[in-house]
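Convention: sequence-line order gives letters A, B, ...; per-chain numbering from 1.
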2 protein chains.
Amino acid sequence: MQKAKNMAIAPEILPDPVLCTVDVVLLTLHLGELHFAVVARDADPFRGVQALPGGFVHPQEDADARECALRVLREKAGVSGPYLEQLSVFSGRARDPRGWSVSIAWVTLVPESSLEEAVGKGLGLRKVHDLGGLPFDHADIVRAASDRVRSKSSYSSLPVHLCQPPFTLPELQSVYESLLGEPVNKVSFRRKMAELDFLEPVEGEMQRSGAHRPAQLWRLKTRFRQALSMTDRGINSGT
Amino acid sequence: MQKAKNMAIAPEILPDPVLCTVDVVLLTLHLGELHFAVVARDADPFRGVQALPGGFVHPQEDADARECALRVLREKAGVSGPYLEQLSVFSGRARDPRGWSVSIAWVTLVPESSLEEAVGKGLGLRKVHDLGGLPFDHADIVRAASDRVRSKSSYSSLPVHLCQPPFTLPELQSVYESLLGEPVNKVSFRRKMAELDFLEPVEGEMQRSGAHRPAQLWRLKTRFRQALSMTDRGINSGT
DNA sequence: AGAATAGTGTCTGTGAGACATTATCTG
DNA sequence: CAGATAATGTCTCACAGACACTATTCT
């Protein structure tokens, strides 16, 4: 990379500076309820307050905003290689006392087991409906994230990222039910999973909780680690 | 560490500057095909090249990014009060020779008739598949916009914004068919419009092209000017 | 009257949900 | 063998699409 300060901008047309940040809504399922991760802020404003993991874009380190979000996730939650989707931009002069700011918000879904170490080091988990005391417009961001995830859950493979592979279909079904907030018909659910075709069986079975037939174990097909599998006709409530 | 006092940010923790811009994909239907608007750039880089209407965020003028996009639309395309939806953020150090930049991209849909004046003043219209010669990553942005609009068209009221009210149901159906790229079943289409419930009849009828029964005229219910009406089960092809 | 398009009634096949049944484990 | 849960077979009803029919205009 030899490219120096090639294209300078004439000072008179340089716009006023905008603060450019990234915030990540890290979602996981804890005791059957959707939670998001918070960390204590280490600087003003709101020093010490629990907030979404985030930070300024570092143009020297981050090739783009996705890389920035991945860095934040690595540094603040010890998470690597997760499903990561851009949510929306939250912007304006009112949301941050330091000035006109842009927050590029991301959503990521991880199985609870992948957070154990970070939770030991101070990462917090809060229910997505418990939004009190969040700084900036982080409550809006979390609401947008959980709305997005819930609505996508009804017609896509998205919820699978909350399951630690390998997992059974009954386990995955209960994850869908937690997100959708209602029971799902078992036969329809399995038909839909077959149609979406994002799972592959893992050889070997699990027996868990003793006295019953063992269940087949499954994992996500690798080509769906970032792309979602979607269907026109959603998964509906059942039984 | 941080010695940030009240509002000021200590210089040592100030991140490198990021260029913050807005780009708008203005879509309309021309001769039954989806087109996007371009304007000649009035400054380097790419001065004189046809590009998406856009520009730097002006923190003094724009309360937030949506207001900025609306200002751009007003100034460069003479459009006011359109349906406007945030598309995505395009970011990184590679997309703009001036440095690490963020483009907050928006999509807007307008009826062709509302562009007549601006087209007379130099606004260009290009087919969404004709992406040659666009600067920056504008081709990616247009692709993302048309993909988004096409996919939302199958299950929402989105295409209605391409129709100048009042319009007839056959006219609206042909707009849906243009976007979906396939014919739609008339009975299903009308059932779906009734279910989505975003239209209201306008008193008076139109007769057009003479010799046949006149059609009822419709317009969008006001509460759907920004919000979309959505359905689980999409509009599918027919006949 | 006839042509042309708007708008509706109705049949049918597909597929989602309900329910019943089989399968396979533990104790 | 009983009990528990996994997995599947099958019936039914709702709804999307097909098709035919009616409605209303103009020439």
Side-chain angles (χ1 to χ4, degrees), chain A residues 32 153-157 163 165-177 180-197 199-219 229-239, chain B residues 32 153-157 163 165-177 180-197 199-219 229-239:
Chain A
S153 292
S154 64
Y155 61 90
S156 82
S157 57
C163 276
F167 47 81
T168 68
L169 283 181
E171 284 167 356
L172 183 59
Q173 179 172 345
S174 90
V175 168
Y176 271 84
E177 289 171 338
L180 298 175
E182 58 186 8
V184 163
N185 181 279
K186 180 167 63 165
V187 178
S188 300
F189 178 77
R190 283 160 184 261
R191 269 196 297 243
K192 192 60 70 179
M193 292 302 108
E195 178 199 328
L196 287 170
D197 195 33
L199 297 176
E200 61 188 8
V202 179
E203 299 323 313
E205 296 181 334
M206 82 180 310
Q207 27 273 14
R208 271 284 248 296
S209 67
H212 63 286
R213 176 174 174 178
Q216 175 65 54
L217 287 168
W218 303 81
R219 68 178 161 223
S229 176
M230 316 242 267
T231 175
D232 288 348
R233 313 178 72 153
I235 294 157
N236 299 304
S237 65
T239 304
Chain B
S153 292
S154 64
Y155 61 90
S156 82
S157 58
C163 276
F167 47 82
T168 68
L169 283 181
E171 284 168 356
L172 183 59
Q173 179 172 344
S174 92
V175 168
Y176 272 84
E177 289 171 339
L180 298 175
E182 58 186 8
V184 163
N185 181 278
K186 180 169 62 164
V187 178
S188 299
F189 178 76
R190 284 160 182 260
R191 270 196 298 243
K192 192 61 70 180
M193 292 302 108
E195 177 199 328
L196 287 170
D197 196 31
L199 297 177
E200 61 187 9
V202 179
E203 299 322 313
E205 298 181 332
M206 82 181 309
Q207 26 274 15
R208 269 284 248 298
S209 66
H212 64 284
R213 176 174 176 178
Q216 175 65 54
L217 288 169
W218 302 81
R219 67 177 162 225
S229 176
M230 317 243 268
T231 174
D232 288 349
R233 313 180 71 155
I235 293 158
N236 300 304
S237 64
T239 305

Can you tell me whether the side chain of [X] and the base of [N] have a donor-acceptor pair closer than 3.5 Å?
X       : N       : answer
K192(B) : dA16(D) : no
K186(B) : dG7(C)  : yes
R191(B) : dA16(D) : yes

M193(B) CE to L199(B) CG distance, which is reported to the nearest 0.5 Å: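 It is 7.0 Å, given to the nearest 0.5 Å.
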
To the nearest Å, give me how far apart [atom1] ([X]) and [atom2] ([N]) are.
X       : N       : atom1 : atom2 : result
L172(B) : dG7(C)  : CG    : C1'   : 15 Å
H212(B) : dA4(C)  : NE2   : C1'   : 7 Å
R213(B) : dA6(C)  : CZ    : C1'   : 5 Å
L217(B) : dT24(D) : CG    : C1'   : 15 Å
E171(A) : dA6(D)  : CD    : C1'   : 12 Å
E182(A) : dA16(C) : CD    : P     : 16 Å
L169(B) : dT8(C)  : CG    : C1'   : 13 Å
Q216(B) : dT24(D) : CD    : P     : 13 Å

Toward the 5' end of DNA chain C, by each residue's nearest nucleotide, W218(B) or A211(B):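 Its nearest nucleotide lies further toward 5', so the answer is A211(B).
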
side-chain N/O N185(B) vs dA16(D) OP1/OP2, d < 4.0 Å: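 Looking at the OP1 and OP2 atoms of dA16(D), neither is under 4.0 Å from any side-chain N or O of N185(B).
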
R190(A) vs dA7(D): side-chain N/O to OP1/OP2 distance below 4.0 Å: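 Indeed, a polar side-chain atom of R190(A) lies that close.
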
Full working for side-chain contact (heavy atoms from CB on, under 4.5 Å) between K192(A) and Y176(A): CA-CA 12 Å; K192(A) 192 60 70 179; Y176(A) 271 84; over 6 Å; no

Heavy-atom donor-acceptor pair, Q216(B) side chain to P201(B) backbone, under 3.5 Å: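 Side chain of Q216(B) to backbone of P201(B), a donor-acceptor pair under 3.5 Å: no, none is there.
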
Side-chain donor/acceptor of S153(A) to backbone N/O of L180(A), under 3.5 Å: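 No; zero donor-acceptor contacts below 3.5 Å.
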
Nucleotide nearest A215(B) (side chain, heavy atoms from C-beta), chosen from dA16(C), dA7(D), dG7(C):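 Nearest listed nucleotide: dG7(C).
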
Per P214(A) side chain, nearest of listed nucleotides dA6(D), dC25(C), dT25(D):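 Closest nucleotide among those given: dC25(C).
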
Flag side-chain contact, heavy atom, 4.5 Å: R191(A) against E195(A):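 Side chain of R191(A) against side chain of E195(A), heavy atoms only: no contact under 4.5 Å found.
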
